Amino acid sequence: MEQRQAITKKLSALVETAEEYDRFIAEASPELLDHATGLTRRFLRETGQWADDVGHEKLALRWGYELLERFLLCGRGEIPCRPFFLLDSLIAKYFSQPEPLCYDKDLLSPLGRFLDGLTSRAVVSRDALITLFYHQYGFGPGQVVRLLGLGPVESQRVYKNFERWRRSGWDRAMTELGLGEAELLEIEEHKVHRPDRVNAEVARLLRVVQGHYRKSEPEHFPCLSREQWADLFGQGYGLDYRVWHLALCRDCLTGVHDLRKDGLADIPAPRIDLHIRPLSKGKVVPFTLNHREGGNGKPTRRPSESLSTTSA
Amino acid sequence: MENPQDGHLRAYRQRLLDALRALPERRRRERSGTLRVFVNHEGVGGLDCDGGKAAFVYVNSKRPVELVELRTEAGLLVGSLCAPALGTKTGEVRIGSYAIEVSITGGSQEGSVRLDARLAVSWPRRVWDAVAAGAARLGQRDWRARPEAEPPAPVPSGTVGPGRLRPALVLQAGLALAVLFLLVDRLGDRVGQGPPVAQVAETPRAQPAKGETSLDQHERMLTSLAQGQDKILKTVKTQQRLENRVRAEQKRMAVEIGHLRSQVTGLSLAKEALVKELTALQLRDRELELSMRRDMVELARALAPMEAGRPVGGRLVETAPRPSTQPPQLAEIRPENPAHPLTFWVSFEEGTPETSIQQLIQEIHGRRGPTNAGWYNVEVNLPEPQTPDGFFESLKKTKIVKAVTTNLTPVPNR
């Protein structure tokens with residue numbers, strides 16, 4: 001009882017300077033994380049999206065962490081304040097939105113958490129966004145540059161994105177998503193033994209997550225018609241839009257590839273090909289070139305893509 | 001026995017706590033690059049901080065701005081500011097060598113965000129800061145000797161904090177400390193020269209040479225410090241002149257924009273006046289058309305009594321309006337004399353409404369027949385002595401009539 005009172009007193013403390021705020025956060029971060037997780041759990045319960053299993057617990061932990069990460073910086077600008085109650089108000093504000101989380105029971109499996117986590121990461125990280133083309137379709141940085149019609153400056157950025165994601169971004173994302181090595185190996189094993197089934201499941205789940213997270217970028221949310229895409233590529237504008245929309249819309253990506261296929265002879269049409277790990281440095285991207293017919297009727301192979309070893 | 005799932009959850013929670021604790025250090029090490037701007041958790045654009053200076057403006061006239069966040073390309077959150085209920089709130093975010101001023105203007109229905117990124121420290125300032133920092137460290141020897149005194153706290157990145165002191169003041173303070181250090185050092189040398197008097201006696205030439213060398217060195221240092229200060233002051237003045245020029249240019253452009261706006265307003269007013277005139281002309285045109293039609297009717301009326309006055313078989317034609325259900329003008333126009341029917345085809349101007357066509361046919365007391373490719377078949381009882389040509393001429397003068405013919409040939413191509 002006394003301990004509980006001490007904790008309550010500590011958490012309801014008023015901080016008046018930046019130093020006090022930093023000290024409070026450092027000392028109370030476990031309680032703050034538990035509190036944010038508890039509020040997330042309550043939201044899921046009250047909206048009928050909760051079940052008592054590990055998948056839901058991990059979802060609550062993950063979102064509690066993400067909300068707390070936002071609070072840590074935002075709270076500094078509200079000093080003097082009572083951080084505990086400020087956290088309450090920020091989380092309540094977040095959950096008051098119509099669809100704050102992308103919730104689907106199928107997204108609680110390891111594969112679902114991987115796809116949901118990766119896509120939600122892509123909303124805030126350009127590194128994750130660019131590498132979605134690899135994780136979802138197996139495209140390396142060179143193919144991404146040509147598929148999106150990017151110039152030299154933008155293409156350098158793409159290579160940097162791949163490199164940074166490989167170096168540290170992927171590890172950090174897996175840690176924050178709570179995906180351990182065992183779960184990742186489980187997904188990879190399923191993919192080896194039943195690739196079609198896994199890719200079909202990925203295609204189905206991607207429709208759910210892409211539709212939800214595309215709303216995070218209002219300007220990039222709407223899909224363009226074929227004529228509009230032709231004009232966009234023909235006139236050479238909308239580079240940001242291409243990157244953000246095509247990474248999160250499989251239908252438009254397929255349409256764009258079809259529109260530009262004459263100039264993309266060695267890049268096959270986008271099809272779901274899940275890759276769990278990031279593209280390693282120097283690794284060749286093997287496209288089973290599904291197979292163009294040559295003049296004599298025999299399938300012809302074209303040289304596969306090599307990842308450039310020049311990193312940022 | 002512990003549930004393995006609980007162990008997984010506990011391990012996950014611990015990893016998240018470790019990640020939270022590592023965030024401040026990650027932010028300190030992060031470089032600027034291109035930052036992504038989020039307003040109310042939605043991406044609205046980017047701010048490129050690699051070019052020295054950058055600005056970003058976002059305005060939403062339909063929804064209030066509640067929260068602004070800045071993230072790097074790796075997704076790291078480096079800045080965050082909540083909007084005020086009303087008015088403007090400003091904060092500063094430090095990332096790498098950049099300082100980004102964030103201004104949010106809040107409202108119940110709308111809001112705006114402005115971001116101004118600039119290099120926090122220019123290169124001449126960095127050079128001079130290094131010199132001043134060295135001298136300042138000597139001044140800070142005092143607090144090191146007194147552990148109870150606190151060193152100045154660094155401003156961590158991502159925080160909202162106050163602006164920096166003016167460069168000139170810090171420059172002056174650094175220079176003063178450097179001069180103080182040199183004086184103290186020189187006095188220390190003089191005091192230290194006491195004991196080796198015997199050496200002086202033994203080597204009378206060596207001692208004065210050592211003192212002169214030290215003094216020369218100090219004088220040279222002071223001279224170079226003063227020269228450095230002059231150069232930096234010149235640079236600061238040049239920068240100020242450039243800033244003044246930019247401000248003047250901005251003012252000039254604001255004036256030009258004002259002129260353009262007034263021109264646009266003038267053109268809009270002129271356009272409105274023209275539209276009003278055009279409407280008035282159209283109304284007048286319509287009135288003239290109606291007046292012309294009335295004249296035609298009057299003319300027909302005038303012709304009819306002349307025919308009616310001629311005796312036919314000893315009997316005068318009745319010209320008084322017949323008490324019938326038909327309107328009076330129809331009774332006046334129709335003479336007693338038997339009229340010969342005339343059938344013809346008439347076409348109308350494009351865009352003529354059906355009601356106008358009907359009205360005209362009624363006015364000439366016609367009977368409408370079939371229609372063929374825009375040609376209307378009409379039959380009228382043409383009163384004598386009016387000839388068909390005369391009738392057609394007067395009909396063609398009607399504004400809505402395009403052409404009249406008695407013999408409809410195959411439809412010409414339009």
Side-chain angles (χ1 to χ4, degrees), chain A residues 18-19 22 25-26 29-30 32-34 37 53-54 57-58 61-62 64-65 68-79 86 90 93-94 97 100 121-130 157 160-161 164-165 168-169 172-173 175-178 180 182 215-220 240 244, chain B residues 3-6 8-24 26-27 33-36 38-46 60 66-83 89-93 102 104 153 155-161:
Chain A
E19 290 75 27
D22 290 340
I25 296 298
S29 53
L32 290 171
L33 178 61
D34 291 339
T37 305
D53 56 37
V54 172
E57 289 288 352
K58 283 191 170 179
L61 260 172
R62 176 188 141 205
Y65 166 80
L68 185 59
E69 185 204 18
R70 289 179 167 144
F71 160 75
L72 293 183
L73 268 190
C74 178
R76 252 174 164 270
E78 303 298 307
I79 294 168
L86 182 63
L90 288 175
K93 181 79 187 170
Y94 185 80
Q97 297 174 86
R121 183 54 56 106
V123 167
V124 297
S125 161
R126 193 184 162 100
D127 294 347
L129 183 78
I130 291 288
R157 247 176 116 185
K160 281 186 191 177
N161 294 137
R164 208 162 31 221
W165 181 251
S168 59
R172 195 166 290 129
T175 301
E176 290 174 8
L177 291 173
K215 292 175 199 166
S216 306
E217 288 277 339
E219 279 186 12
H220 303 124
D240 251 1
W244 285 89
Chain B
N3 189 340
Q5 303 289 2
D6 291 341
H8 288 315
L9 282 172
R10 210 177 5 263
Y12 181 31
R13 178 178 173 276
Q14 189 55 47
R15 284 200 294 276
L16 291 176
L17 284 171
D18 294 339
L20 281 173
R21 287 182 189 123
L23 281 174
R26 277 184 65 198
R27 287 190 193 111
T34 303
L35 299 179
R36 193 94 191 135
F38 293 84
V39 173
N40 300 348
H41 307 293
E42 291 176 351
V44 298
N60 193 325
E66 289 162 356
L67 178 69
V68 176
E69 291 173 319
L70 297 177
R71 288 185 183 264
T72 64
E73 292 212 335
L76 178 66
L77 184 64
V78 293
S80 179
L81 192 64
C82 291
K89 186 174 177 182
T90 305
E92 193 175 84
V93 173
V102 183
I104 307 181
V155 178
S157 63
T159 61
V160 172

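Because the structure is a prediction, the values reported are computed rather than measured. So that the names make sense, note that chain A is the first sequence line, chain B the second, and so on, each numbered from 1.
Listed for the Ser125(A) side chain is a donor-acceptor partner under 3.5 Å among the backbone atoms of Glu73(B). Looking only at distances, a side-chain donor or acceptor of Tyr12(B) sits under 3.5 Å from a matching main-chain atom of Glu176(A).
By the 4.5 Å heavy-atom criterion applied to side chains, Glu57(A) and His8(B) are not counted as neighbours. Using a 4.5 Å heavy-atom threshold, the side chains of Lys58(A) and Leu9(B) count as touching.
Across all non-hydrogen atoms, the minimal contact from Leu77(B) to Arg70(A) is CD2-CA, 3.6 Å. For the residue pair Gly77(A) and Lys89(B), the shortest heavy atom distance occurs at O-NZ, 3.5 Å. Of all heavy-atom pairs spanning Leu73(A) and Gly79(B), the tightest one is CD1-N, 3.3 Å. For the residue pair Cys74(A) and Leu67(B), the shortest heavy atom distance occurs at SG-CD1, 3.8 Å.
With respect to chain B, the highest number of heavy-atom pairs below 4.5 Å among Ile130(A), Asp127(A), Asp240(A) belongs to Asp127(A). Ranked by heavy-atom pairs under 4.5 Å with chain B, the list Arg164(A), His220(A), Lys215(A) is led by Arg164(A). For the set Ser29(A), Ala26(A), Ala128(A), the entry with the most heavy-atom pairs within less than 4.5 Å of chain B is Ser29(A). Options Asp34(A), Asp53(A), Leu32(A), Ile79(A) differ in how many heavy-atom pairs under 4.5 Å they form with chain B, and the most are formed by Asp34(A).
When heavy atoms are compared at a cutoff of 4.5 Å, Arg172(A) approaches chain B solely by way of its side chain, counted from C-beta outward. If you measure heavy-atom distances from Asn161(A) to chain B, the contacts under 4.5 Å come from the side chain alone. Only the side chain of Trp244(A) comes within less than 4.5 Å of a heavy atom of chain B; its backbone N, CA, C and O stay farther away. With a threshold of 4.5 angstrom between heavy atoms, Thr72(B) approaches chain A through N, CA, C or O but not through any side-chain atom. With a 4.5 Å cut-off on non-hydrogen atoms, Leu72(A) touches chain B through its side chain but not through its backbone. Only the side chain of Glu69(B) comes within contact range of chain A, with at least one heavy atom under 4.5 Å from a heavy atom of that chain. For Leu90(A), the part lying under 4.5 angstrom from a heavy atom of chain B is the side chain only. With a 4.5 angstrom heavy-atom cutoff, Leu33(A) touches chain B only via side-chain atoms. With a threshold of 4.5 angstrom between heavy atoms, Leu20(B) approaches chain A through its backbone and through its side chain. Residue contact with chain A, scored on non-hydrogen atoms closer than 4.5 Å, involves the side chain of Glu66(B) exclusively.
Within a 6.0 Å sphere centred on CD of Glu219(A), other residues, nucleotides and ligands contribute 12 heavy atoms or fewer.
Applying the side-chain hydrogen bond (donor to acceptor under 3.5 Å, both in side chains) criterion to Asn60(B), with sequence neighbours excluded, gives Tyr58(B). Residues meeting the side-chain contact (heavy atoms from CB on, under 4.5 Å) test with Pro30(A), sequence neighbours left out: Arg13(B), Leu17(B), Arg21(B).
Taking NZ of Lys93(A) as the reference point, atom CG of Asn40(B) lies at 8.0 Å (rounded to 0.5 Å).
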